2 protein chains.
Amino acid sequence: MARAKINDDQLLEKLTKVFQVYGYEGASLSLISEATGLQRASLYHRFPGGKEQMVEDVLSHVDQRFETYLLAPLKTEKSLGARVREMGKRINEFYVGGRRSCLLDTLSLGKQSGAFRKHIKASFTTWLGALEALAKEAGFGAIEARERSEQALISIEGTLVMARATGNRKPFKRAIDSLPGLLIGA
Amino acid sequence: MARAKINDDQLLEKLTKVFQVYGYEGASLSLISEATGLQRASLYHRFPGGKEQMVEDVLSHVDQRFETYLLAPLKTEKSLGARVREMGKRINEFYVGGRRSCLLDTLSLGKQSGAFRKHIKASFTTWLGALEALAKEAGFGAIEARERSEQALISIEGTLVMARATGNRKPFKRAIDSLPGLLIGA
DNA sequence: GTCTATAGCTTGATAGAC
DNA sequence: GTCTATCAAGCTATAGAC
């Protein structure tokens, strides 16, 4: 039992980055090996289920990061505005100012995507639900709260695609800045 | 010189679909061969530059389709509203009601994406320019016209990602229906 | 212009030593 | 837990017959 070169959290974060940049089929084991500093066989020791398990574990890890970090500010005692602004700051951090793509985008592409669809859909729904609850707390009715939270997610996904395709990250920044207005009307 | 099994236009449309669904790395030659009905060697006869040339040609073909079909209604003599609505109808058609992804999304992922970035960026800019011109014609100032056309593209890209990731195509339909309000304020 | 056959490399995955 | 060595299968691409 030699000592681990990299702990689980660090490993999953390296993997997250690789899947954000290359997607599922583009993320070859060679690439993953290079990014993590672990040889193929070591990767299979950590993830006996291979690439598919890597993706599942990455998705779960990101779910957890969202729950305990990105969306956590929403459950504090601060003002609605302060909560949304803090969440925006963390979302911006997570996507490195628009330089990284959303996993729900990059992993929903291609042949293998069916295997993760359930998880991806669930993650999306959870994220949506958190924003929706916030909009309701701000006084919006059920239908409007729903539409506004969807609008928020759509603008984030759309601007991330635009940032990747064109290199223009300003719309992403603007989308983040628009979150308070969109979600709590302020 | 045996007769062609499939003409250039039909071939490029089959390829478009494959790259929309699988992205660059996911679109293997076996998959392409199956989708087009042509064997590997025949594909290399039609595209001597291999997969990279296929993508370049697909992007150019889609540029042309946008110019001569999707965006063509904007240059007619009809009312602004009628023009935008007709364009929306054709955009919806092109993306098969949200069942297909945008190539600017699927091809900007992965290792190879650098090779197409220039083309992708140019296509994006052209599309944006057409919508911007329309918004200006509707009376919006330069800055607002720019923002509104960006917003239109972002909502389309974002809703297409959402449709792929969750299967929910309603936001895409709504984005199409919102184009008149967004671009000409009606 | 399409085909079969094949080359050479990369892929995801495994066996077994330390 | 990590490693080297190895495997079969898949990949992109090419040669040459019809």
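Chain naming here is simple, since letters A, B, ... match the order of the sequence lines and numbering starts at 1 in each. Since we're looking at a predicted model, the values are computed, not measured.
T159(A) and R169(A) form no side-chain donor-acceptor contact under 3.5 Å, judged by distance and modelled atom types alone. Judged by distance alone, the side chains of D63(B) and H119(B) do bring a donor and an acceptor atom under 3.5 Å apart. In this model, no donor atom of one side chain and acceptor atom of the other lie less than 3.5 Å apart for S42(A) and R46(A).
Q20(B) CD to L103(B) CG: the interatomic distance, rounded to the nearest 0.5 Å, is 4.5 Å. A distance of 12.5 Å separates OG in S123(B) from CZ in F116(B), rounded to the nearest 0.5 Å.
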From CA spacing to verdict: side chain to side chain contact (heavy atoms under 4.5 Å, CB included), R148(B), K136(B): CA-CA 10 Å; R148(B) 283 173 176 261; K136(B) 276 183 188 158; over 6 Å; no

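Looking at E67(A) and K75(A), a side-chain N of the basic residue comes within less than 4.0 Å of a carboxylate O on the acidic one, giving a salt bridge.
As a whole-Å value, the separation of R3(A) CZ from dC3(D) P is 13 Å. dT12(D) atom P lies 15 Å from atom CZ of F47(B), rounded to whole Å.
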Quick one: what's the B/S/- string for nucleotides 4-18 of chain C, heavy-atom cutoff under 4.0 Å, read 5' to 3'? B------SBBBB---

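Hydrophobic clustering (ILVMFWY, side-chain heavy atoms < 4.5 Å, transitive): F19(B) and I156(B) are in one cluster.
Residues from residues 4-13 of chain B lying near DNA chain C, meaning a heavy-atom separation below 4.0 Å, are A4(B), K5(B) in numerical order.
Between H45(B) and the phosphate of dT2(C), there is no side-chain N or O to OP1/OP2 separation shorter than 4.0 Å.
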